[in-house]
> 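Let me begin by handing over the structure; questions about it come next.
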Amino acid sequence: GRAGPHARAVARRARRRPLVTVRPPSLRAGAITVVEGVESPAEGCWRTLRVQLPAGVGPGEVAGVLVLLDGQNVFARSRAGEHGTWAVDDAMDRLIGRGEVAPWAVVGVDHRGIDRIADDAPWPDPHVPVVPRGHLFAEFLSEDLPAWIGEHLPPGSDPARRALGG
């Protein structure tokens, strides 16, 4: 069927916002940067991040860092597929523009596709045939990712200036 007015508006805004894939990261204000190959030693794999810096703000000037899981769904211009997008970039642009929130950066952590359930599982479940790896993903979120954020988004090295959702 036809997309509704909200979906069309999100698509129009997404076309105006640059989507940049880089390695190593060169974060640009006002853009969503796809960072591939962020190492997760705890998990023995590489992760993909999507980073939005607010317009007019450099990496060292953000007030804080919001980390959101399922990064492929976070931004209006993404590879969200059948599950759609959360359009967090649009919401942050609007809230920051109205002065309702400080200019926070947003870091979306993509899930690993077929490994997603195992990555999220904290313990064995007889109804789900996967080896749980939730403790390893938790280590990435609590150790490896904060180190990456601290290097690339300095205010994010302060735990009081980080938030996690998803």
Side-chain angles (χ1 to χ4, degrees), residues 6-7 9-11 13-40 42-43 45-81 83-113 116 119-120 122 134-166:
H6 175 72
V10 166
R13 285 190 300 273
R15 284 191 294 272
R16 292 191 304 259
R17 185 175 293 108
L19 181 63
V20 182
T21 302
V22 295
R23 193 174 157 189
S26 174
L27 304 176
R28 291 189 0 220
I32 298 163
T33 304
V34 178
V35 183
E36 297 176 332
V38 176
E39 188 176 6
S40 174
E43 298 177 286
C45 68
W46 302 91
R47 290 276 178 176
T48 298
L49 306 178
R50 296 163 194 272
V51 182
Q52 179 196 18
L53 287 179
V57 176
E61 300 169 319
V62 297
V65 178
L66 173 61
V67 175
L68 295 172
L69 306 183
D70 291 339
Q72 71 286 346
N73 297 335
V74 169
F75 300 112
R77 185 175 183 181
S78 68
R79 294 182 230 148
H83 301 292
T85 175
W86 306 345
V88 171
D89 48 337
D90 290 342
M92 291 299 287
D93 287 347
R94 193 169 45 257
L95 292 169
I96 292 167
R98 293 192 297 220
E100 295 179 28
V101 299
W104 279 51
V106 178
V107 176
V109 180
D110 283 21
H111 70 64
R112 295 188 318 124
R116 178 183 188 208
D119 287 348
D120 290 349
H135 63 291
L136 300 175
F137 185 42
E139 189 172 332
F140 170 76
L141 293 173
S142 64
E143 303 294 329
D144 305 329
L145 184 57
W148 187 92
I149 289 171
E151 181 179 339
H152 299 284
L153 300 163
S157 61
D158 177 359
R161 296 174 74 183
R162 283 195 313 258
L164 174 67

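Note that this is a predicted model, so its numbers are computed, not measured.
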> Looking at residues at least two apart in the chain, or sitting in another chain, which of them share a side chain to side chain donor-acceptor pair (under 3.5 Å) with R161?
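Once residues adjacent in sequence are excluded, R161 has no partner under the side chain to side chain donor-acceptor pair (under 3.5 Å) criterion.
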> List in chain and number order the residues that pass side chain to side chain contact (heavy atoms under 4.5 Å, CB included) with E139, two or more places apart in sequence or in another chain; answer none if no residue qualifies.
A42, E143
> Sequence neighbours left out, what passes side chain to side chain donor-acceptor pair (under 3.5 Å) with D158? Give chain and number order.
none
> Would you please name every residue forming a side chain to side chain donor-acceptor pair (under 3.5 Å) with D119, sequence neighbours left out?
R47, R112, R133
> If you take all heavy atoms of G56 and E61, which pair is closest and at what distance?
O-OE1, 4.3 Å
> How long is the span from the OG1 atom in T33 to the NE2 atom in H152, to the nearest 0.5 Å?
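NE2 of H152 is found 11.5 Å from OG1 of T33.
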> Rounded to the nearest 0.5 Å, how far apart are NE2 of H135 and CD of E43?
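Interatomic distance, H135 NE2 to E43 CD, rounded to 0.5 Å: 9.5 Å.
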> Would a 4.5 Å heavy-atom cut-off, applied to side chains only, mark V109 and V67 as touching?
yes
> If you round to the nearest 0.5 Å, how far is CG of L27 from CG of L49?
10.0 Å
> Test V74 against R50 for side-chain contact (heavy atoms from CB on, under 4.5 Å), laying out the working first.
CA-CA 8 Å; V74 169; R50 296 163 194 272; over 6 Å; no
> Can you tell me how far CG of L153 sits from CH2 of W104, rounded to the nearest 0.5 angstrom?
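Answer rounded to 0.5 Å: 12.0 Å.
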> Quick one: which of N73, V107, V88 gives a side-chain contact (heavy atoms from CB on, under 4.5 Å) with L68?
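Among N73, V107, V88, the one meeting side-chain contact (heavy atoms from CB on, under 4.5 Å) with L68 is V88.
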> By side chain to side chain contact (heavy atoms under 4.5 Å, CB included), which residues pair with A138, not counting sequence neighbours?
none
> Rounded to the nearest 0.5 Å, how far apart are CG of L69 and CZ of R116?
8.5 Å
> So, taking the atom named CG in D90 and the one named OG1 in T85, what distance separates them when rounded to the nearest 0.5 Å?
8.0 Å
> Determine whether a donor-acceptor pair (N or O, by modelled atom type, separation under 3.5 Å) exists between the side chain of T48 and the backbone of E36.
no
> What residues form a side chain to side chain contact (heavy atoms under 4.5 Å, CB included) with P103, not counting sequence neighbours?
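Once residues adjacent in sequence are excluded, the partners of P103 under the side chain to side chain contact (heavy atoms under 4.5 Å, CB included) criterion are P54, V57, A63, I96.
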> Looking at D110 and Q72, would you say the former's side chain and the latter's main chain have a donor-acceptor pair under 3.5 Å?
yes
> Measure the acute angle between the ring planes of F140 and F137, then classify it against the limits of 30° and 60° as parallel, tilted or perpendicular.
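Ring orientation of F140 relative to F137: parallel.
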